[in-house]
Amino acid sequence: MAKLNMVQAINLALQEEMQKDPAVVVLGEDVGVDGGVFRVTEGLLDRFGSERVIDTPLAESGITGTAIGMAVSGLKPVAEIQFEGFSYMTIDQLAAHASRIRYRTRGRYHCPMVIRAPYGGGVKALEHHSEAVATFFIHIPGLKVVIPSSPYDAKGLLLSSIRDPDPVFYFEPKKLYRAFREEVPEGEYTVPLGEGKKLTEGNNVTVISWGAMVRVCEEALEKVKDISVELIDLRTLSPLDEKIIMNSVRKTGRCVIVHEEPKTLGFGGEIIARINEKAFLYLEAPVKRVTGYDIPVPLPKLEDIYLPDAEKVAQAIKETVHF
Amino acid sequence: MAKLNMVQAINLALQEEMQKDPAVVVLGEDVGVDGGVFRVTEGLLDRFGSERVIDTPLAESGITGTAIGMAVSGLKPVAEIQFEGFSYMTIDQLAAHASRIRYRTRGRYHCPMVIRAPYGGGVKALEHHSEAVATFFIHIPGLKVVIPSSPYDAKGLLLSSIRDPDPVFYFEPKKLYRAFREEVPEGEYTVPLGEGKKLTEGNNVTVISWGAMVRVCEEALEKVKDISVELIDLRTLSPLDEKIIMNSVRKTGRCVIVHEEPKTLGFGGEIIARINEKAFLYLEAPVKRVTGYDIPVPLPKLEDIYLPDAEKVAQAIKETVHF
Amino acid sequence: MPRKKILDLSVDWLSILDYEGNADKILEPALDNETLEKFYRTMVITRLFDDKALKLQRQGRMLTFGSCLGQEASQIGSAFAMKSDDWFFPAFREHGVQIARGIPMKLLYIYWMGSEDANLMLPHRNFTVAIPVSTQVLHAVGAALAAKIQKQNIASVVYFGDGATSEGDFHEGMNFAGVFKTPTVFVCQNNQYAISLPREKQTASKTLAQKALAYGFEGIQVDGNDVLAVYSATEAALLKAKSGGGPTLIECFTYRLGAHTTSDDPTRYRKKEEEEEWRKKDPIKRFRTYLEKKGIWNQSYEDKLLKEASEEIEKAVEEAEAYSPVVENMFKYVYAEITPDLKEQMDELLGFIAKRKR
Amino acid sequence: MPRKKILDLSVDWLSILDYEGNADKILEPALDNETLEKFYRTMVITRLFDDKALKLQRQGRMLTFGSCLGQEASQIGSAFAMKSDDWFFPAFREHGVQIARGIPMKLLYIYWMGSEDANLMLPHRNFTVAIPVSTQVLHAVGAALAAKIQKQNIASVVYFGDGATSEGDFHEGMNFAGVFKTPTVFVCQNNQYAISLPREKQTASKTLAQKALAYGFEGIQVDGNDVLAVYSATEAALLKAKSGGGPTLIECFTYRLGAHTTSDDPTRYRKKEEEEEWRKKDPIKRFRTYLEKKGIWNQSYEDKLLKEASEEIEKAVEEAEAYSPVVENMFKYVYAEITPDLKEQMDELLGFIAKRKR
Ligand SMILES: Cc1ncc(C[n+]2csc(CCOP(=O)(O)OP(=O)(O)O)c2C)c(N)n1
Ligand SMILES: Cc1ncc(C[n+]2csc(CCOP(=O)(O)OP(=O)(O)O)c2C)c(N)n1
Ligand SMILES: [Mg+2]
Ligand SMILES: [Mg+2]
């Protein structure tokens, strides 16, 4: 078993699944010869050839719609959108088609495809290269949305996503691409979609997050050692693991949600609504959100203060516990 | 003063503002010769000519991006997207550009444009012609989102939208297009963006809605005459009138939100989050949502049971009051 | 070195049948009488199907409906060039192709009466209609690319209108097809209007066929009211596609004789005289003249056909109207397995319904 | 009636200057020495600006940066054909055009160091860069349409790469331009790659210029390493645009000598030999030979130019690095008036910052 970073773990998942299942094909801009701008698809072209690792022209709706046609024809396309900031152009094909093929044909056809895209801020990138856009996709019925926060989960969740008979948007927190390594087994294991994970057990307050912000929350925990925090990594945003949230909040009575997506209509609001609906009587304090602001993600000079950080999270935890 | 339906009120607003301000131009599919598929732009071409009333080729991103170029050049384009179900194709241009021009140029340039589109269900239309897509646009910082529920407001809000120096997505609940008439003054009056409206005063429960669902809520009120309901029509979804919500909920302690958008990440969730944050201690019951389901809007045979209706709303009101 | 012409490109026009029932001797496709008769029969059934739909709509028994009146040659000619294994991707006006491909009329009616339950893609590789204009172009390219990867000797045929050529997805799809040399036939029914917008205002190019040149493959403009020309062009394009020659764009030059849909009033944007001119070019009448000369058609054949077809259609309508949709289907088919969320929402709705019945 | 050719289309190639410093006598534009010298100077400054940016980036003093090395003729030739009143819409690699248009280099550096505060569109009608590929094409068409409506005798010039021609927005923009005959010049810098994708895999058409034919207007392929050819073609296109002749697509056939950006490693996808071949075609060297023959250029001129330019650039860098962005700007310019929501969020953030400072 090797220690891998997230890029390597995703690459390994692709290698293994393509080896195992000839229906899996990879397509996108620069995914072949170049191995992807983040090298996530490195080596795939050499190993599987240009019929299964397809460098496409520069067209995001085109990639998405083509993948749909492939998926209904029995392939399992894994398409890459080079940066999440260009995923807006996939929304029409996803919302109008990919997500509805099963529904519209009453199960006679379905659309097993994955769209992968690097996600979110924190790497001092150009405009449109640091955005957190999950809301647009979570809000599409029939689509699933996944954001891993560790190499291990990244591999396991990607395998589940590729094998899932329905379309999945798989976002890769680019800040974590090479941030750390951990043991990632070779070969068969999956992390099921729709299941969150408790990272710490605690009684005072539940902290909910996903993607790169999970690591920020862990940092924050170091700053509030006197507080017993239950940290939950949702991992899948759609479908949501309501159970893990409600069980925890019913126990702690307090909750902080941390995400880099803008506040208004970020997923945190929806989670608060669910808590309100299903754990109202358990709540001892308002649920707090630590989020991106309702502004376009600023260029790198101001990016750090834009993003949630350990201090902001720690303060929110303290305020919630001492409400 | 004439009694007008919503189509007529919107048409009147366009006529008056084009007359008054030569910078206002209308563009879109079938808006000219045909007068729009709902006849909203009827008569404009004859009156203002083909340089100001522009029939465009069939391309939604094209219409949006072209409008952006016009807006930065000093015009005030009012673009029509023929149905909300085709508004997905506007998201990229709106999120990546229209909404950021002021921000990116630190106020040196701005983008005064309006996109109008018919909105939502209830008219037994084809697929993609009955969708409620506000979330996608509310979530875009720098964009404003308006949905009127009456002819009077429709005119006043459209005038404010056209005059607003920033981009506005103005959704027209098509179920209300010809549903009823009311007095709509000719000439100058506006309804300000960002201000909700109390339709009834009440003490037991706050009901919040917008667009066509406001009329459903009014129907529901007939079924719960023994309950004192404060009904609020938000009218503008972005920016949100938090004050009107908090003042009411702090008084009633109970709240029901009604929208036809799908539940998950519908705007109701965000409102609940705000109430949780700002009126937590006043709440005597969980806030309830009556919404569209998290499924693609079904074709008309099942549309009626898909949409919130007076009975569903009345039941939610009762449950909330008797919690 | 200085200014010079580096590229010569051209577009052809194809027509085979004249209005007197004579086919060009060299271009006439070698079709047996049975096949010719099938073409005719399907064109007639399509027209009756269409007409019935309009009547039902007027009586409030159907949703908004877009008739294909006048486009029968474009649709039937191209449809019968396909093999049943080929993929078919329609826009929303391809009733004729759908009927030719063997989709039961009952299912077509159920869909247009407002239920997804009919979208079964029966019998084989018949995709559901695409309401958003041009989106299906990409699906067809993807399916063709998949066929190539899977080494299946099939092609995909995608239908769209003149208006559709303005959309980004048309462009991205055409370009992918050119780059990957996918076995795709793009059938553009240029019926001269996109709702109210006339063809000349849709794009400044002289033909739609020439748009293929931007993607490095052939475009041809075909007399879209000539079922033989459309058949020939499509057959040739499919042959080319399946032998590795890549995609073709076929512009069927035709006319939408009816309104855009039942919600549309064409008198707002076009002259009656123009419609009349095109009515004279009726593709069914034109083909009938040819068949009559060949001894395939006569009045008693026509009478029998009309009678049989009408009966078939009445039966389809009856069955369609007897169908009532299943509420649970709204929730059951969003994902392979219903999610806890959706289960909860479904149960809530079923509760409402049960309560109301009481 | 039967099969016949109905359309003949063609594409021209334009080149004026050879590599020995000779210009085609007929096509040579009538430019005075001062103008020619300005062309050269701006090309040289651009190269130095660019080089400095790469160095700064390697030292961690700048964001990811895309050099325009090798494309100076395409950029400067087209830029100086514009009038200052014309609209300029860049992609993200148009440093040369930006410099030619008079945007202070200090501002360009501030932007690429990571602050929007520099995006002032100074001095006039110079739009901000568009990072999402091809989106700016539509803005240029809109601005040109507005000019037409407002009866301003100006044009818009929009820049994009070979890769950009695959995007839907390119198509929709080109089509709108054709239909509305907008005064727009589309300058496609075909630098042979979109990141790693070579031009031949981007599209199957032989040229990019021919794509204009799909929209009913002219496309021309120009030697993009020949500043005189690019200037001439752009000037002619602008003249046509402003006299009501509609849009033109100019494909500048050139080469990106550097990496796509500082994050890119071109050895992964192309041969050193290919780069070497193109390095021989250096547009600056080529133009210098011409100027030398004309007596405009000599070594002492070059030395002086390099010295002055370097000083100017060092000063710009210094000023840019002295700039620190204003936090409030993040909130102040989202809407004309700050919303209560944003005010609250801003105050919260300012509170955080104040607390940290303590
Ligand atoms: C993306 C999108 N925009 C707008 C519409 C509304 N609409 C339906 S059909 C149509 C015109 C289509 O014209 P064309 O492609 O020529 O096909 P035709 O209707 O003539 O068969 C329009 C604008 C739509 N369905 N999809
Ligand atoms: C819509 C979009 N997709 C992907 C990218 C990532 N990306 C940046 S530049 C580029 C290649 C652009 O190629 P080309 O248009 O030829 O311009 P060049 O870089 O060669 O100047 C890509 C894929 C982007 N910026 N925008
Ligand atoms: Mg048409
Ligand atoms: Mg390029």
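Naming convention: chains lettered A, B, ... in sequence-line order (proteins, then strands); numbering from 1 in each chain.
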*Heavy-atom neighbours of D:E274 CD exceed 12 at 6.0 Å*: yes
*asked:* To the closest 0.5 Å, what do you measure between CD (D:E328) and CG (A:L302)?
replied: 10.0 Å
*Heavy atoms, side chains only, cut-off 4.5 Å: are D:E167 and A:E60 in contact?*
yes
*When you check the gap from the basic side-chain N to the acidic O, do D:R356 and A:D309 get nearer than 4.0 Å?*
yes
*Which one, A:H128, A:M89, A:H129, leads in non-hydrogen pairs under 4.5 Å with chain D?*
A:H128
*Just wondering, more than 12 heavy atoms not from D:E337 lying within 6.0 Å of its CD?*
no
*Is it the side chain or the backbone of A:K263 that comes within 4.5 Å of chain D heavy atoms, both, or neither?*
side chain
*If you look at every heavy atom in A:K301 and D:P325, which pair is closest and at what distance?*
CB-CG, 3.6 Å
*What part of D:Y323 lies closer than 4.5 angstrom to a heavy atom of chain A: side chain, backbone, both or neither?*
backbone
*Considering only heavy atoms and a distance below 4.5 Å, find which of A:T56, A:L126, A:D34 pairs most often with chain D.*
A:D34
*Most heavy-atom pairs under 4.5 angstrom with chain D, which of A:Q82, A:E127, A:K124?*
A:E127
*chain A contact via D:F352 - which portion, at a heavy-atom distance below 4.5 Å*: side chain
*asked:* Please find the pair of heavy atoms, one from A:P298 and one from D:M330, that lie closest to each other, and give the distance.
replied: CG-SD, 3.5 Å
*Do the non-hydrogen side-chain atoms of A:Q315 and D:K355 ever get within less than 4.5 Å of each other?*
yes
*Sort by residue number and list every member of residues 61-68 of chain D having a non-hydrogen atom under 4.5 Å from chain A.*
D:L63, D:T64
_For the NZ atom on A:K175, are there more than 12 heavy atoms of other groups (residues, nucleotides or ligands in this structure) within a distance under 6.0 Å?_
no
*With the side chain counted from C-beta on, respond yes when D:E348 and A:K312 share a heavy-atom pair under 4.5 Å apart, and no when they do not.*
no
*Counting N and O atoms only, with roles assigned by atom type, does the side chain of D:Q345 sit under 3.5 Å from a partner on the main chain of A:D294, one being a donor and the other an acceptor?*
yes
*Which heavy atom in A:A59 sits nearest to a heavy atom in D:S166, and how many Å separate them?*
CB-O, 3.6 Å
*With a 4.5 angstrom heavy-atom cut-off, could you sort out which part of A:Y293 is near chain D: side chain, backbone, both or neither?*
both
_I'd like to know which of D:P266, D:S263, D:G168, D:S115 tops the heavy-atom pair count under 4.5 Å against chain A._
D:S115
_What I'd like to find out is whether the side chain of D:I131 reaches to under 4.5 Å of the side chain of A:F86, using heavy atoms alone._
yes
*Are the side chains of D:V334 and A:P296 in touch, meaning some heavy atoms are under 4.5 Å apart?*
yes
_Options D:L342, D:T339, D:D117, ranked by heavy-atom pairs under 4.5 Å with chain A, top entry_ = D:L342
*Side chains of D:L197 and A:E29: closer than 4.5 Å at any heavy-atom pair?*
no
*asked:* Using heavy-atom distances under 4.5 Å, tell me whether A:V123 contacts chain D through its side chain, its backbone, both, or neither.
replied: neither
_Using heavy-atom distances under 4.5 Å, tell me whether D:T135 contacts chain A through its side chain, its backbone, both, or neither._
side chain
_Is D:L349 in contact with chain A via its backbone, its side chain, both, or neither, using a 4.5 Å heavy-atom distance?_
both
*Within-4.5 Å side-chain heavy-atom neighbours: D:Q202 and A:L58*: yes
*Could you check if a side-chain atom of D:M113 sits within less than 4.5 angstrom of a side-chain atom of A:L299, using non-hydrogen atoms only?*
no
*Check whether more than 12 heavy atoms from other residues, nucleotides or ligands sit under 6.0 Å from atom NZ of D:K52, and answer yes or no.*
yes
